[in-house]
2 protein chains.
Amino acid sequence: MVASQFRPDLMSVIEDMGYRITQPRRDVVKLLETKPDGFGAEEIHGALPEVGRATVYRTIRLLLDIGVICKLVMRDGSTKYSLARVEHHHHLVCVRCGTVEEFLDSTIERLVRAIGAEVSGEILGHRIEFDVICKTCLDYAN
Amino acid sequence: MVASQFRPDLMSVIEDMGYRITQPRRDVVKLLETKPDGFGAEEIHGALPEVGRATVYRTIRLLLDIGVICKLVMRDGSTKYSLARVEHHHHLVCVRCGTVEEFLDSTIERLVRAIGAEVSGEILGHRIEFDVICKTCLDYAN
DNA sequence: GCAGTATTGAGACTGAGTATCAATATGGTT
DNA sequence: AACCATATTGATACTCAGTCTCAATACTGC
Ligand SMILES: [Zn+2]
Ligand SMILES: [Zn+2]
Ligand SMILES: [Zn+2]
Ligand SMILES: [Zn+2]
């Protein structure tokens, strides 16, 4: 089971994968559903004193495994996790405020597939990432 | 000064940037010029007992700053550095042997520029990375 | 060669993430 | 509703990559 295009209840995705529904998992998931712009692990931990640090990291790993969040390494080297709304997508990351936006473009996907034919070896996957200054930050600068 | 298309002597690039020519820097640069496939920082350090660990990391940072190597975060989370032969390029990373190959495609660059117009906000840069099984690993599997 | 400054190296330190393991919570069963 | 087997938790110790500190040393311009 994988996250659908329509953001189902994350807890039921976890359950469907055969994992148990626990209070810590509920807490973490509930919190990150309110943070669509990407969040750090320690940020979650700080906001949930009742959940152990190890459990926060374990839950993040679990959510990564089942594909409902994505991991992003920012330009400054820090790591952010962000809810995955759609299955295959890329990211626009604002270098100023850090906001993460998902990005889809069928043309680029077609091209990427075409490149597979030209390249020696077999392409298994790809990642595309844009460094941007988002609309909000641009407006704010004026 | 930035690395040219023709891999100039890295030491002179360093000198041109106003940094001093030192033995540790010579050692690190010399070693990594023999490792075109990407290398880890500890790997360099292990191979150069006469150079301090901090200096290895400092030299890597310096080379990143002047743009003659690139930093790659592998799928397993480990970090590799790899000589940059050409200025703007992307990477084909073999998920089996870890070999890093540089990749250029004018079509994708044109497309990426075109996307800039469609997107709200301003695109500053991009990164594209392919996970592949390289020719050698494919052949070896047969 | 000298002076002034950039660089070095040993080692302490940080921060993200993982391993350990006894204690606890969960879900299926009766 | 209590019971059991096991998945999960949390405190803590640990690892690993990378950075900081600072006294000692090496460069470079003069
Ligand atoms: Zn995403
Ligand atoms: Zn894609
Ligand atoms: Zn490269
Ligand atoms: Zn490009």
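Note that this is a predicted model, so its numbers are computed, not measured.
- With respect to A:L62, the side chain to side chain contact (heavy atoms under 4.5 Å, CB included) criterion is satisfied by exactly one of A:V28, A:V29, A:I69, A:I14: A:I14.
- Counting non-hydrogen atoms under 4.0 angstrom, B:R58 reaches a base of the nucleic acid.
- In terms of phosphate contacts, B:Y57 brings a side-chain nitrogen or oxygen within less than 4.0 Å of OP1 or OP2 of D:dG18.
- Atom-to-atom, CG of A:D27 to P of D:dG10 comes out at 9 Å; the value is rounded to the nearest Å.
- When distances run from any side-chain atom of B:I21 to the nucleotides D:dT8, D:dT28, C:dG11, the shortest one goes to D:dT28.
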Without placing hydrogens or testing angles, list every side-chain donor-acceptor pair under 3.5 Å for residues 89-100 of chain B, not counting sequence neighbours.
residue: B:H89; atom: ND1; partner: B:V86; partner atom: O; Å: 2.8
residue: B:H89; atom: NE2; partner: B:H91; partner atom: NE2; Å: 3.1
residue: B:H90; atom: ND1; partner: B:I128; partner atom: N; Å: 3.2
residue: B:H90; atom: NE2; partner: B:H88; partner atom: NE2; Å: 3.1
residue: B:H90; atom: NE2; partner: B:E109; partner atom: OE2; Å: 2.8
residue: B:H90; atom: NE2; partner: B:H126; partner atom: NE2; Å: 3.2

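- Across all strands, B:R25 comes closer than 4.0 Å only to sugar-phosphate atoms, never to a base (heavy-atom distances).
- Protein atom CZ of B:R61 is 12 Å distant from nucleotide atom C1' of D:dA17, rounded to whole Å.
- Annotation: side chain to side chain donor-acceptor pair (under 3.5 Å) contacts involving residues 39-49 of chain B, sequence neighbours excluded, comprise B:K35-B:E43, B:E42-B:R53, B:E42-B:Y57.
- Atom pair A:R26:CZ and C:dA25:P shows a separation of 13 Å (rounding to whole Å applied).
- Distance CD1/A:I115 to CZ/B:F130: 4.5 Å, rounded to 0.5 Å.
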Show me the protein contacts with nucleotides 1-4 of chain C, counting only N or O atoms at under 3.5 Å.
residue: C:dG4; atom: N2; partner: B:R20; partner atom: NH2; Å: 3.3

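- Across all non-hydrogen atoms, the minimal contact from B:V73 to B:G77 is CG1-O, 4.2 Å.
- No chain of hydrophobic side-chain contacts below 4.5 Å, direct or via other Ile, Leu, Val, Met, Phe, Trp or Tyr residues, connects A:I123 to B:L72.
- Between the CD1 atom of A:I14 and the C1' atom of D:dA7 there is a distance of 14 Å, given to the nearest Å.
- Phosphate proximity of D:dA7 to A:T22: absent, as no side-chain N or O sits under 4.0 Å from OP1 or OP2.
- When heavy atoms are screened at a 4.0 angstrom cut-off, A:E15 is found touching no nucleic acid atom at all.
- Note: the hydrophobic cluster containing B:L10 also contains B:I21 (ILVMFWY, side chain heavy atoms under 4.5 Å, direct or indirect links).
- Following rounding to the nearest Å, A:M11 (CE) and C:dG27 (C1') show an atom-to-atom distance of 14 Å.
- Between B:D139 and B:K135 there is a salt bridge, since at least one side-chain N of the basic residue sits less than 4.0 Å from a carboxylate O of the acidic one.
- Dashed line: the shortest gap from a side-chain N or O of A:Y81 to OP1 or OP2 of C:dG17 is under 4.0 Å.
- In this structure, A:H45 places its NE2 atom 12 Å from P of C:dA16, rounding to the nearest Å.
- Counting to the nearest Å, the P atom of C:dG17 and the NZ atom of A:K80 are 14 Å from each other.
- For A:R53 against C:dG17, a side-chain N or O and a base N or O form a donor-acceptor pair under 3.5 Å.
- A:T79 comes within 4.0 angstrom of sugar-phosphate atoms only, judged by non-hydrogen atoms across all strands, and of no base.
- Put simply, CD on B:E50 is 11 Å from P on C:dA10, counting in whole angstrom units.
- Look at B:T55 and you'll find a side-chain N or O under 4.0 angstrom from OP1 or OP2 of C:dG9.
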